[in-house]
Amino acid sequence: MNLLSALNDRQRLAAATTEGALLILAGAGSGKTRVITYRIAHLIAEKDVPPYNILAVTFTNKAAGEMRERVEKLLRETGVKLNSAPLVTTFHSLCVRILRVNIEKLEQGYTRAFTIYDQDDSTRIIKACLKDLGYDDQRLGARNVQSAISASKNSGLDAELYAARVESSDERKVAISRAFKLYEDRLRSNNALDFDDLLIKAVSLLRKDEATRARYNDRFRYILIDEYQDTNALQFALIRYLTEKTQNVCVVGDEDQSIYKWRGADISNILNFEQHYPEANIVRLEQNYRSTQNILDTAGAVVRNNTERKGKTLWTSNTAGDSIRYYQAIDGDAEARFVAAKIDEHLRRDKGARCAILYRTNSQSRVFEEALRRAGIAYNIVGGFSFYERAEVRDVVSYLKLALNPQDNIALLRVINSPARGLGKTTLDELDRQARDYGMSLWETILLITNGESANNRLAPRAVSALKNFHNIITHLVTVAAKEPASEVVKAAILDTGYSAALKAENTDEAEARIENLQELVNAAVDFDDTEDDDADAVSDDAIDEDSRQGLRSFIDSAALSSDTDKIESDAKVTMLTVHSAKGLEFPVVFIVGLEDGLFPHSRSASDKAELEEERRLMYVAITRAERFLYVSHAMRRRVYGEEMASEPSQFLNEMPLDLMEDLTRGASWLSFARNSSRTENAHAARALRGETTRSTVPKTSPAKTYDSVESIAEFFRQRGTSMSGGSSSRPSSSSTSPKQRASSPSPPPSNDITPGTHVRHPKYGRGLVLRREGVGDAAKLTVSFPGYGQKKLIEKFAGLEKA
DNA sequence: GAACTTGCTGAATTG
DNA sequence: CAGCAAGTTC
């Protein structure tokens with residue numbers, strides 16, 4: 001029987017080409033996952049390849065899990081008996097597996113008990129590093145330093161190489177480079193790796209140790225890489241090392257869906273695949289099974305504006321389908337209400353309709369949450385606070401980490417005084433001082449102190465006994481961890497540490513919720529223990545599996561490597577998520593919201609052509625998630641930083657075929673104007689329109705214009721005259737009060753020459769516009785906007801201002 | 001030593 | 001509007 005007969009010709013070719021390098025260029029919705037799963041099944045069932053010789057790598061755990069399931073199902077249906085399973089996993093967990101067995105061979109001082117630090121952990125370390133270096137003023141944010149370090153690591157520069165490249169005149173980079181070095185030292189002394197290190201160390205290991213490399217080459221005879229367009233230099237190196245021997249590598253990707261450049265993804269990996277593997281075969285999958293013709297045309301029209309692409313033409317035999325539905329909302333709330341109403345309609349008409357709300361940034365989710373809640377619609381939200389990021393979960397996990405790796409200072413500091421056990425700042429400072437003196441970890445220092453062996457201990461007896469108490473708690477956990485399954489250790493970390501007792505004592509709803517979360521953690525651990533038992537049935541002949549069955553360790557690893565997207569419920573009625581996390585998913589009904597200039601495309605990518613192209617690919621990804629109904633919307637005004645700001649329609653709207661759109665706006669909209677003008681004039685039309693529409697739809701309470709630039713503020717004041725002064729509450733940029741109401745509201749008479757709306761001259765900043773005035777007399781504070789310098793707050797008395 | 005208050009600054013996307 | 005750091009009070 002032929003397994004592959006269920007595929008179309010191209011798909012079949014891709015699945016059946018098993019030897020040598022293969023590049024599958026798979027357009028959105030072209031059945032990529034299907035091809036991969038059939039390919040794996042084909043290898044096993046029809047080519048008699050032992051499953052353990054197969055490695056498939058994806059970017060998310062969820063994708064890996066699904067693929068595993070689908071392969072299993074397929075093989076079950078064909079009646080194949082398995083005595084091992086193909087390894088389907090993510091880059092990060094693959095690296096962890098390799099390192100847990102081999103990291104000591106790197107000879108960098110790491111042991112296989114190493115801890116994985118997530119972003120939050122590493123931010124903490126960087127903060128501490130900056131502080132120790134005396135950079136604790138805020139000119140150098142920890143997050144900025146962190147992303148600089150991460151970018152550097154991903155491009156293959158370690159701390160030394162980075163330092164070598166820094167000009168000594170560049171103070172900022174010199175500071176970063178010092179922090180970088182210190183950060184690396186700290187990681188090492190904590191026996192900890194950050195996310196980037198997982199890849200770096202695995203690659204270094206393969207580079208360094210020929211035997212290890214040979215062993216894995218032998219093990220993984222057939223390798224598949226999903227989402228290849230998102231691989232970075234390190235991942236590429238990893239693949240190169242692993243495929244050294246057989247060259248049996250199959251990569252699947254779509255350059256139009258490359259959206260992780262900012263994370264180091266190198267699109268040239270896919271664009272130059274044929275150069276990297278000269279014998280490579282290429283198969284293009286261009287038939288789309290997912291979307292209607294209209295949706296596909298819209299996506300194609302947008303992405304055609306990009307220059308950096310191989311170019312492919314998606315086609316479908318699906319019907320044209322409905323028009324793209326467009327809506328222009330007054331503000332963010334109105335947009336959310338619109339979406340909620342439409343979702344309600346869809347769900348009433350078709351109970352099975354799955355809807356998705358896609359936005360550019362997570363912070364946009366809130367209004368939609370509120371609108372849906374008010375409308376009584378259940379929803380699922382991806383991102384934001386994930387389970388493993390909750391404080392109480394992190395605390396308990398830190399206890400677990402500590403039980404396995406007591407050198408982990410970050411974990412220790414996290415839990416040493418939670419619940420409170422009398423180990424406050426004073427004690428910790430002294431502990432830290434001694435640890436530095438001895439050059440030891442905090443844990444080792446605690447051992448010295450509690451044994452009374454610390455020569456220069458200045459701690460009060462009370463503090464020492466508190467430390468003894470803590471020491472006992474951890475030692476106890478260590479013994480539990482040594483002999484019990486993961487779930488039992490988790491229970492011990494919650495109960496025997498006094499953690500849950502302290503929560504219970506709080507006796508609040510919040511504490512109650514936390515206890516429930518911890519219960520959830522126990523459940524997760526129980527599940528984990530169960531699946532581990534199942535896995536134990538499978539035969540494994542290689543060291544890569546041997547260590548992965550140390551329950552607690554791998555439970556913690558999986559927690560560290562878990563992500564929001566792993567918990568997407570594919571059958572939820574309504575899902576809210578960022579476009580990034582929507583990649584790979586599909587929904588019958590899709591809302592792309594917040595299509596405004598500065599939001600989508602995001603303002604930080606506006607200046608750079610390459611970044612703008614990435615935003616456009618992101619738009620392409622968003623559009624192609626839709627199967628049948630696509631809604632696009634934008635708001636005229638939006639709250640930013642808690643302040644209402646005017647917003648322009650996104651340029652991407654303008655790139656869509658306007659004749660495929662149906663306007664659901666009541667009254668005139670950007671779209672109706674755009675249709676009547678040529679494309680080049682659209683932007684202009686949008687601007688002209690802003691005055692018109694808002695005036696007609698919101699006659700009284702909202703002003704026709706929002707004053708968001710120095711010019712328009714100046715204009716505003718010209719119209720009002722300079723009669724309004726004082727009153728710090730009359731913020732010109734806030735549009736919640738209409739000009740009329742303001743003019744008639746009682747405001748004190750001008751008491752000073754320099755009032756809001758007047759131009760002034762500053763000795764250093766030059767000419768500027770006064771925006772607001774606070775306080776009286778000598779204490780008067782002015783907010784002045786200086787072109788090129790931004791807004792400054794000045795004390796009038798000292799500022800040396802004169803009218804200009 | 002811990003809980004509370006204030007003031008300030010600053011948002012993108014993720015394993 | 002938020003989260004965070006520093007200051008304030010019990």
Side-chain angles (χ1 to χ4, degrees), chain A residues 57-64 89-96 116-120 122-124 127 131 136-139 141-144 146-147 150 154 193-199 227 230-232 234-235 258-265 332 358-367 382-386 388-389 417-429 460 462-463 466 506 557-566 577-583 594 598-606 611 614-615 617-619 621-622 638-644 790-791 793:
Chain A
V57 186
T58 64
F59 272 81
T60 66
N61 298 304
K62 179 164 190 286
T89 186
T90 63
F91 274 107
H92 290 273
S93 29
L94 173 66
C95 291
V96 171
I116 302 169
Y117 278 170
D118 64 17
Q119 194 138 7
D120 187 76
S122 77
T123 313
R124 279 162 193 265
K127 266 187 195 154
K131 200 168 186 180
D136 52 340
D137 40 320
Q138 62 265 63
R139 58 181 179 172
R143 308 230 28 142
N144 293 330
Q146 187 185 22
S147 62
S150 174
N154 274 305
L193 301 177
D194 68 16
F195 278 139
D196 301 319
D197 288 338
L198 295 178
L199 293 169
E227 308 281 13
D230 289 331
T231 50
N232 64 24
L234 287 165
Q235 289 155 340
S258 155
I259 54 175
Y260 286 107
K261 190 182 174 199
W262 53 274
R263 210 168 81 185
L358 308 187
Y359 35 76
R360 179 65 238 269
T361 66
N362 276 308
S363 61
Q364 288 169 259
S365 66
R366 235 177 67 171
V367 269
V382 181
F385 246 13
S386 91
Y388 287 105
E389 283 171 84
N417 201 32
S418 60
R421 39 176 87 89
L423 291 164
K425 193 171 182 317
T426 324
T427 312
L428 290 187
D429 283 347
R462 196 167 56 122
E506 276 186 41
D557 283 351
S558 74
L561 298 177
S562 86
S563 82
D564 309 323
T565 51
D566 299 337
L577 68 180
T578 63
V579 182
H580 280 93
S581 22
K583 196 173 65 153
L599 234 197
F600 198 176
H602 197 271
S603 51
R604 297 222 182 166
S605 14
E611 285 184 41
E614 179 145 313
E615 292 285 306
R617 290 192 292 270
L618 198 53
M619 188 70 215
V621 169
R638 184 173 295 280
R639 275 187 118 75
V640 182
Y641 275 123
E643 238 175 310
E644 288 265 320
Q791 294 187 6
K793 286 202 162 137

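Sequence lines set the chain letters: A, B, ... in the order given, protein chains first and strands last, and positions in each chain run from 1.
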When the P atoms of C:dC4 and B:dT13 are considered, how many whole Å apart are they? 15 Å

Return yes if some donor-acceptor pair links the side-chain N/O of A:Gln235 with the main-chain N/O of A:Phe91 below 3.5 Å, else return no. no

Please state whether the phosphate of B:dA12, meaning OP1 or OP2, lies under 4.0 angstrom from any side-chain nitrogen or oxygen of A:Thr361. no

Just how far, in rounded Å, is P of B:dG15 from NE2 of A:His92? 9 Å

Under 4.0 Å, counting only non-hydrogen atoms across every strand here, what does A:Tyr260 touch: a base, just sugar-phosphate, or nothing? sugar-phosphate

Residue met sooner reading DNA chain B from 5', once A:Gly422 and A:Ser150 are mapped to nucleotides: A:Gly422

Given that A:Glu615 and A:Thr90 both sit by DNA chain B, which one's nearest nucleotide is further toward the 5' end? A:Glu615

Using OP1 and OP2 only, check whether a side-chain N or O of A:Asn362 sits under 4.0 Å from B:dT13. yes

Are any of A:Lys62's side-chain N or O atoms less than 4.0 Å away from OP1 or OP2 of B:dG15? no

So, is A:Asn417 near the phosphate of B:dA2, with a side-chain N or O under 4.0 Å from OP1 or OP2? yes

Does the distance from a Lys or Arg side-chain N to an Asp or Glu carboxylate O, for A:Arg360 and A:Glu615, drop under 4.0 Å? yes

Give a yes/no answer on whether the side chain of A:Thr60 brings an N or O atom under 4.0 Å of OP1 or OP2 in B:dT14. no

Any A:Thr565 side-chain N or O less than 4.0 Å from OP1/OP2 of B:dG15: yes

